Amino acid sequence: MATDPCRCDAPGRATLTKEQALERLLARVEPVDGTETVSIAEGLGRVLAEPVTSAINVPAWDNSAMDGYAIRHADLAADAGRLRVAQRIPAGSSGSALEPGTAARIFTGAPVPEGCDTVVVQEICEVAGDWVQIPLDCGTDANIRRLGEDIRAGAEVIAAGTRLTPQHLGLAASVGAARIRVHRRLRVAVFSSGDELVMPGEPLGPGQIYNSNRFMLFGLLEQLGCELVDLGIVEDSLAATEQTLLRGAAQADLIVGSGGVSVGEEDHIKSALERVGTLELWTIAIRPGKPLAFGRIGTTPFIGNPGNPVSLFVTFCLFGIPVIRRQQGVAGDLRPPSLRIRAGFDWTRPDKRREFHRARIQIGEDGAQELAVFPSRSSAVLSSVAWADGLVEIPENQVIHKGDFVDFIPFRGLFG
Ligand code: AMP
Ligand code: MG
């Protein structure tokens, strides 16, 4: 983009803040085309393409909020609150109109009989045979859930762009929506660049390491509800990288890579993308995870994450997940949700870049929640992300003292 001052990889290149990088990424991707109709039983985690509206009033009729006696309040005056119990209305049945001077035994959820304006809870009533004694001071117009009080027929109950939780499925079911229109699943192609990589189960040769990124990315993408295309391990060569990008573009809505995004001779993402598509290589002022490549092969976007597993995890959480949510059709604010929580640590040597350290909520000495950071700051320590339940965001150049409030991005709010 001609107006984008950061589309450069030359020395002295501009760096972006986390917020700028995310804004740019989100401006470059769109929800994928294509929807399907599924039963609500298959709706968990799917993104609504059309709103769920209610064809019915909820409740569908005035009904009792309590187990008790349905009465016409004005009838109490005649015989000092003594009424004959003339009918019984359990949930699932409907009674007949209240005759003057009578009460109906009624249960929670049952429709109130015609003429009833009050349900009196059973605890304050005295029953003797077919008669019930109702306190004269019981309130009128009480314990009745009114027709349409919760949802009016025709109302939108779940908006398009909502990612469906179990609560949404319950809500859809409550208005009788058996089938819903959702965006089709996003297909994401994944590859790992690196001649040193070996799959678990294979023996390690000299200089080789196991491909951990593939498994983290697959796990993340599965939790995000994506369909996966496995492009495997890609050797550090221009030809293999080009071919992989083209294969991914032919099969997927998004390509996610790890490794090879720097500008060393063994890093081929940049050149390959320039040959088969377009590239924007961004330097983001965060630690870990400085370089992030974004590109396009035809219409298929590509995100190139750093190879270092911790950096990959952080950049994928901060940037990859919002991009995926946008492509999936999720509406609204896609920034990773964070919360303010008390630091249970001191951070005395801040960096000039924003830092994202692996952190976990624990109970402090005073019994209140606070954040602990993983003892090693090294971004090569993968056990730190397994230990953590989120990322603490440490502002650039800022010293943190135990007890200060800091931003924490829980993994739970991002995926899963
Ligand atoms: P790169 O971004 O390709 O320069 O890789 C940076 C570091 O991450 C190197 O130490 C690589 O060996 C390591 N690395 C790259 N890809 C993976 C992977 N898929 N699994 C584990 N480590 C990796
Ligand atoms: Mg490499």
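One-based numbering, in listed order, for ligands and for the atoms of each. Note that the structure is a prediction, hence the values are computed from the model and not measured.
Within the listing of ligand 1, atoms 20 (N), 21 (C) sit less than 4.0 angstrom from a heavy atom of Tyr210. Each of the atoms 21 (C), 22 (N) of ligand 1 lies under 4.0 Å from some heavy atom of Pro309.
Tyr69 has its side chain within reach of Cys125: a pair of non-hydrogen atoms, C-beta onward, lies under 4.5 Å apart. Side-chain contact between Arg353 and Glu396 is absent, with no heavy-atom pair separated by less than 4.5 Å. Two residues are said to be in side-chain contact when any heavy atoms from C-beta on lie closer than 4.5 Å; Ile106 and Asp67 fail this criterion.
Summarising the contacts of atom 19 (N) of ligand 1 with Asn308, Asn211, Val234, the nearest heavy atom is found in Asn211.
Checking atom 10 (O) of ligand 1 against the protein gives no heavy-atom contact under 4.0 Å.
For the pair Ile209 and ligand 1, a heavy-atom separation below 4.0 Å is found. Proximity of Arg214 to ligand 1 is not established, as no heavy-atom distance is less than 4.0 Å. Not a single heavy atom of Gly194 lies less than 4.0 angstrom from ligand 1.
A donor-acceptor contact closer than 3.5 angstrom is absent between the side chains of Arg185 and Gln328.
Here Asp253 does not pair with Arg187 in a salt bridge; the nearest charged N to carboxylate O distance is not below 4.0 Å.
Considering only non-hydrogen protein atoms, atom 1 (P) of ligand 1 sits nearest to Gly260 N, 3.8 Å. The protein non-hydrogen atom at the shortest distance from atom 4 (O) of ligand 1 is Asp267 OD1, 4.0 Å. For atom 20 (N) of ligand 1, the nearest non-hydrogen atom of the protein is Ser212 N, 3.1 Å. Here the heavy atom of the protein found nearest to atom 18 (C) of ligand 1 is Asn213 ND2, 3.2 Å.
With a 4.0 Å cut-off on non-hydrogen atoms, Glu196 touches ligand 1 through its side chain and not its backbone. Under 4.0 Å from ligand 1, the heavy atoms of Leu197 that appear belong solely to its side chain.
At a 3.5 angstrom cut-off on N or O pairs, Gly307 counts as close to ligand 1.
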Evaluate side-chain hydrogen bond (donor to acceptor under 3.5 Å, both in side chains) for Gln398 paired with Trp347, printing each intermediate quantity in order. CA-CA 8 Å; Gln398 191 169 318; Trp347 197 265; over 6 Å; no
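Both tests do not hold together for Arg296 against Phe302: distance to the six-membered ring centre under 6.0 Å, angle to the ring axis within 45°. Cation-pi geometry between Arg214 and Phe218 is met: the NZ or CZ atom falls under 6.0 Å from the ring centre, inside 45° of the normal.
The aromatic rings of Trp282 and Phe294 sit parallel to each other, their planes meeting at less than 30°, with 60° as the upper class boundary.
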